[in-house]
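Only one structure is covered here, and it is reproduced in the block below.
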Amino acid sequence: MVQTVAWVTSLFFMFLVLVVFAVVAWKSTERKEYAPIKKKWYKARTFYASVLIVLMTSITIYTLRELPYSQPVYGADQEPVVVDVEGMQFGWEMSQTEFKVGEPVEFHVTSKDVNHGFGIYDEEMNMLAQTQAMPDYTNKVYMTFDEPGTYEILCLEYCGLAHDLMTAEITVTE
Ligand code: CUA
């Protein structure tokens, strides 16, 4: 679907460029006074620039107002479960590893030693969310598990010889 849209859009713009070239080639033989043309298109340019500035400023303000994007807004009766996660060579220390379907969870992720990557995977090993685990920083991951099952935590940052052993499990129940 996305590929089809990309294709059609590309073809449309290719066609547009072709039309522009054709018009330029077709008009190139015409002789005209330069001054009025210059005046007209300088005006057009000013108009185009103004529209662009207004449009881009509005779009920028509109899209930035919800930063950070992943920050959820909780209802009054919906306090998230906060889980402290600490990465270390070579394992994960988590204050809680069992959750319920539909309950909002906040992973507060940090590291005891070097940089690690905190990645949450489902049973088919599709990555659902990730963040960096960094010493002296706490990064947050917001998750609500939709399905019960066993989820895997893998380290996503090469952190030493046993990096590949740096895994943990999360259990989600109904
Ligand atoms: Cu920790 Cu790789």
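Just follow the structure's listing: the first ligand is 1, and inside any ligand the first atom is 1. Sequential numbering from 1 along the given sequence is applied to the chain's residues. Everything numeric here is computed off the predicted structure, so don't read it as measured data.
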Atom 1 (Cu) of ligand 1 is nearest to which N, O or S atom of His116?
ND1
Which atom, among the N/O/S set of His163, is closest to atom 2 (Cu) of ligand 1?
ND1
Kindly confirm whether atom 2 (Cu) of ligand 1 is within less than 2.8 Å of some N/O/S atom in Glu157?
yes
Does atom CD of Glu123 have more than 12 heavy-atom neighbours from other groups under 6.0 Å away?
yes
Would you call the rings of Phe118 and Phe107 parallel, tilted or perpendicular, where under 30° means parallel and over 60° means perpendicular?
tilted
Is the CG atom of Leu11 crowded by more than 12 outside heavy atoms at less than 6.0 Å?
yes
N, O or S from Tyr158 under 2.8 Å to atom 1 (Cu) of ligand 1:
no
Whether over 12 other heavy atoms sit under 6.0 Å from Glu79 CD
no
